Amino acid sequence: MKNYLLLFCMILILFGTYTGIRGSSASTKVINLVALGDSITHGIGDPAKKGYINGVKVKLEDIQNTPVKVSNFAIPRYSTDKVLEQLQDKKINTQIKKASFIILYIGTNDFRKSANYQFNPLDVKRINDGKVTFTTNLNKILESIRKDNSAAPIFVLGLYQPYVEYLNRKEILSTIKDWNDEIVKVTDNFDRIEYVATLDLFQDKPKSTYFSDSLHPNPAGYKLIANRLSEKVLKEIGFKSSSN
């Protein structure tokens, strides 16, 4: 009888140890979020330097009840050629390989350089030439990311129109729409890459309410971007919400 009791106790101990290991493993699961881009993804304009990326992180952790590790490689003033250079960095490649989700928000500086930082009037030929270079680089960036990580969903954000103080703002808006159309065409060539529009987020809204300067959103502006992107990410992982 004593032997049976001893055996039963040993089984309970072993079972408890096994389930404890399983529970520990589950609790340490992490969502790895990798972000690439320029000053907007870096968070310039937000005094806390959290930007929209932190908004996505907080929402994911709240709804998924899982810690989110952010690797934000965005650098102010970066354009697509600089991101391509970044993707030669083995440390960045390692993080991309481990990524659960990848965010790419690039093109604002490509557009500004193509316009030679002169928005009225627009140099249409120069901007169109710049658009060709931009879309070529964007395609190369996505190809490079996919070589490192063939499975993780990639979210590519479109450009918005902050140049509302110019008299030709409608022409600028139309030009940015054209650039966004090209982004959509590039993303359509890949699997599990989703375009995330931002152009409508700030249209017909007072700039002083959502921007910290002539180009960068303030915390309220970044919240608009974070909410839009969070919806896309949560939809990708199958979360359905009627409250958002």
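Index from 1, following the sequence. Bear in mind the structure is a predicted one, so any value in this text is a computation, not a measurement.
In summary, D38 and R77 do not engage in a salt bridge, as defined by a charged side-chain N under 4.0 Å from a carboxylate O. Between D181 and K185 no salt bridge is recorded (no basic side-chain N to carboxylate O distance below 4.0 Å). A salt bridge links K57 and E61; the closest N-O separation between the charged side-chain nitrogens and carboxylate oxygens is under 4.0 Å.
Side-chain contact between N54 and Y222: absent, with no pair of heavy atoms (C-beta onward) separated by less than 4.5 Å. Inter-residue side-chain proximity for S144 and R146 is flagged as unmet; no heavy-atom pair is nearer than 4.5 Å. Inter-residue side-chain proximity for R192 and I154 is flagged as unmet; no heavy-atom pair is nearer than 4.5 Å. Looking at T133 and T136, their side chains never come closer than 4.5 Å, going by heavy atoms from C-beta outward. No side-chain heavy atom of E236 sits less than 4.5 Å from a side-chain heavy atom of E231. Taking 4.5 Å as the limit, some side-chain heavy atom of Y166 sits within range of a side-chain heavy atom of N120. Contact check for L104 versus L142: side-chain heavy atoms found under the 4.5 Å cut-off. Between P162 and P217, every side-chain heavy-atom pair lies at or beyond the 4.5 Å cut-off.
For S100 against P153, the heavy-atom pair with the smallest separation is O-CD, 3.3 Å. The heavy-atom pair separating G55 from S230 by the smallest distance is O-OG, 4.2 Å. A74 and H42 get closest at one heavy-atom pair: O-ND1, 3.2 Å. Heavy atoms only, all atoms of each residue included: A220 and T209 are closest at CB-O, 3.8 Å. Shortest non-hydrogen contact noted between Q161 and R169 is NE2-O, 3.2 Å. For the residue pair N149 and I96, the shortest heavy atom distance occurs at ND2-O, 2.8 Å.
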* Stepwise side-chain contact (heavy atoms from CB on, under 4.5 Å) test for F73 and Q86 -> CA-CA 9 Å; F73 298 110; Q86 268 191 314; 3.8 Å; yes

* To do: Quick one: do T66 and L60 satisfy side-chain contact (heavy atoms from CB on, under 4.5 Å)? Show the steps, please.
  => CA-CA 7 Å; T66 304; L60 278 176; over 6 Å; no

* Asked: Between Y163 and L215, is a side-chain contact (heavy atoms from CB on, under 4.5 Å) present by the stated rule, with each step listed?
  -> CA-CA 8 Å; Y163 314 103; L215 181 64; 3.9 Å; yes

* Asked: Under the side-chain contact (heavy atoms from CB on, under 4.5 Å) criterion, do F202 and K207 qualify, and how do the steps go?
  -> CA-CA 8 Å; F202 303 106; K207 188 170 182 178; over 6 Å; no

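Side chain of N168 to main chain of E171: no donor-acceptor pair is present (N/O by atom type, distance under 3.5 Å, no hydrogens or angles).
For K232, the salt bridge (charged side-chain N to carboxylate O under 4.0 Å, His left out) partners are E194, not counting sequence neighbours. With sequence neighbours left out, the salt bridge (charged side-chain N to carboxylate O under 4.0 Å, His left out) criterion links R228 to D200.
Summarising the local packing, CG of N65 is surrounded by 12 or fewer heavy atoms from other residues, nucleotides or ligands at distances under 6.0 Å. Within a 6.0 Å radius of CG in D191, no more than 12 heavy atoms belonging to other residues, nucleotides or ligands are found.
Checked by atom type, the side-chain pair S79/N109 shows no donor-acceptor distance below 3.5 Å. Side-chain contact annotation: D148 with N93, donor-acceptor N/O pair under 3.5 Å present. Residues N139 and E143 bring a donor and an acceptor atom of their side chains to less than 3.5 Å of each other.
Here the straight-line distance linking atom NZ of K223 with atom CG of L201 works out to 13.5 Å at 0.5 Å rounding.
Of the options I103, I141, L36, I193, a side-chain contact (heavy atoms from CB on, under 4.5 Å) to V156 is made by I193 and by none of the others. Partner Y52 forms a side-chain hydrogen bond (donor to acceptor under 3.5 Å, both in side chains) with one of N227, T41, T198 and no other, that one being T41. Under the side-chain contact (heavy atoms from CB on, under 4.5 Å) test applied with F101, the options N32, L229, V233 reduce to a single match, V233.
A distance of 6.0 Å or more separates the ring centres of Y210 and Y160. F134 has its ring centre no less than 6.0 Å from the ring centre of F111.
I225 and I176 fall into different hydrophobic clusters, where Ile, Leu, Val, Met, Phe, Trp and Tyr residues are linked whenever their side-chain heavy atoms come under 4.5 Å apart, directly or through other members. Each of V186 and F155 belongs to its own hydrophobic cluster when Ile, Leu, Val, Met, Phe, Trp and Tyr are linked at side-chain heavy-atom distances under 4.5 angstrom.
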